[in-house]
A.B. asks: 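The following block contains the structure, expressed as structure tokens.
The first residue in the sequence is number 1, and the count goes up from there.
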Amino acid sequence: MTRLGAAEVVYQQYQQDADAGHPNAAAWQQALEEATGGTPAAPPRPVTTPGAAGQLLIPRHGPGTGTGDLPADYQKIMEIVEGGDGPLQARDVAHRLGLDAVPAKVEAVRGKLRKLAERGWITLTPAGRYLPR
């Protein structure tokens with residue numbers, strides 16, 4: 001049996017033991033090291049990104065929050081909505097951002113506008129237009 005085969009057997013036994021609710025991590029680690037001929041490489045560290053672990057990338061608007069708490073692209077959208085002459089459509093905001101008026105670009109902007117509205121940064125009118133708060 002090869003080292004890989006032995007390691008697979010040990011791992012399967014560990015999974016069965018873990019599924020039964022009684023894994024002994026130290027004993028299984030020792031068995032794995034014996035089967036593979038050494039200490040296994042450390043698992044890769046998880047990549048942490050904004051929004052991970054339930055953290056909101058776009059915080060709720062409230063006391064002590066300002067547009068500086070938003071990512072740069074959301075700050076630009078806020079500037080456009082706050083500087084608008086009246087209620088703006090997503091297409092208008094996309095145009096002012098310098099984006100083409102194609103559905104893919106407009107829908108991406110609309111998604112950001114909706115997220116800002118849901119979090120209380122701007123107001124969504126019943127007609128689907130956006131106003132500053």
A.B. asks: Kindly give the heavy-atom pair with the smallest separation between Leu97 and Ile77, and that separation in Å.
C.D. replies: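 Residues Leu97 and Ile77, closest heavy atoms: CD1-CG1, 4.0 Å.
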A.B. asks: Test of understanding: with side-chain hydrogen bond (donor to acceptor under 3.5 Å, both in side chains), list the residues that count as partners of Gln89, not counting sequence neighbours.
C.D. replies: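 In terms of side-chain hydrogen bond (donor to acceptor under 3.5 Å, both in side chains), with neighbours along the sequence ignored, Gln89 is linked to Arg91.
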A.B. asks: Tell me the closest heavy-atom pair linking Leu131 and Ile122, and the distance in Å.
C.D. replies: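 Nearest pair, atom of Leu131 first, then Ile122: O-CB, 3.3 Å.
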A.B. asks: With sequence neighbours excluded, give me every ring pair (Phe, Tyr, Trp, His ring centres under 6.0 Å) pair touching residues 63-96.
C.D. replies: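 Found none.
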A.B. asks: Going from CG on Leu116 to CG on Leu70, what distance comes out if it is rounded to the nearest 0.5 angstrom?
C.D. replies: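 It is 6.0 Å, given to the nearest 0.5 Å.
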A.B. asks: Determine the minimum heavy-atom distance between Ala117 and Leu124, stating which atoms define it.
C.D. replies: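 Answer, listing the atom of Ala117 first, then Leu124: CB-CB, 4.0 Å.
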A.B. asks: Does the side chain of Val81 come within less than 4.5 Å of Leu113's, by heavy atoms?
C.D. replies: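 The answer is yes, as the side chains (C-beta and beyond) meet within the 4.5 Å cut-off.
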A.B. asks: Looking at side-chain heavy atoms only, is the closest gap between Pro71 and Leu57 below 4.5 Å?
C.D. replies: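 Sidechains of Leu57 and Pro71: in contact.
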A.B. asks: Suppose we screen for salt bridge (charged side-chain N to carboxylate O under 4.0 Å, His left out). Which residues come up paired with Asp69, at least two apart in sequence or across chains?
C.D. replies: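 For Asp69, no residue satisfies salt bridge (charged side-chain N to carboxylate O under 4.0 Å, His left out) once neighbours in sequence are set aside.
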A.B. asks: Please collect all side-chain hydrogen bond (donor to acceptor under 3.5 Å, both in side chains) contacts where either partner lies in residues 111-128, sequence neighbours excluded, each pair once.
C.D. replies: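 Checked against side-chain hydrogen bond (donor to acceptor under 3.5 Å, both in side chains) - neighbours excluded - the pairs reaching residues 111-128 are Asp73-Lys112.
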A.B. asks: Could you note down all residue pairs passing salt bridge (charged side-chain N to carboxylate O under 4.0 Å, His left out) where residues 96-106 supplies at least one of them, sequence neighbours left out?
C.D. replies: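 Output for this query is empty, none listed.
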A.B. asks: Of all residues at least two apart in sequence or in a different chain, which pass the salt bridge (charged side-chain N to carboxylate O under 4.0 Å, His left out) check with Arg110?
C.D. replies: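 In terms of salt bridge (charged side-chain N to carboxylate O under 4.0 Å, His left out), with neighbours along the sequence ignored, Arg110 is linked to Glu107.
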A.B. asks: So do the side chains of Thr67 and Met78 get within less than 4.5 Å of each other, counting heavy atoms only?
C.D. replies: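 When only atoms from C-beta onward are counted, Met78 and Thr67 do touch, with a gap below 4.5 Å.
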A.B. asks: Please report the shortest heavy-atom distance between Gly120 and His61, naming the atom on each side.
C.D. replies: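 Closest approach of Gly120 to His61, heavy atoms only: O-CB, 3.4 Å.
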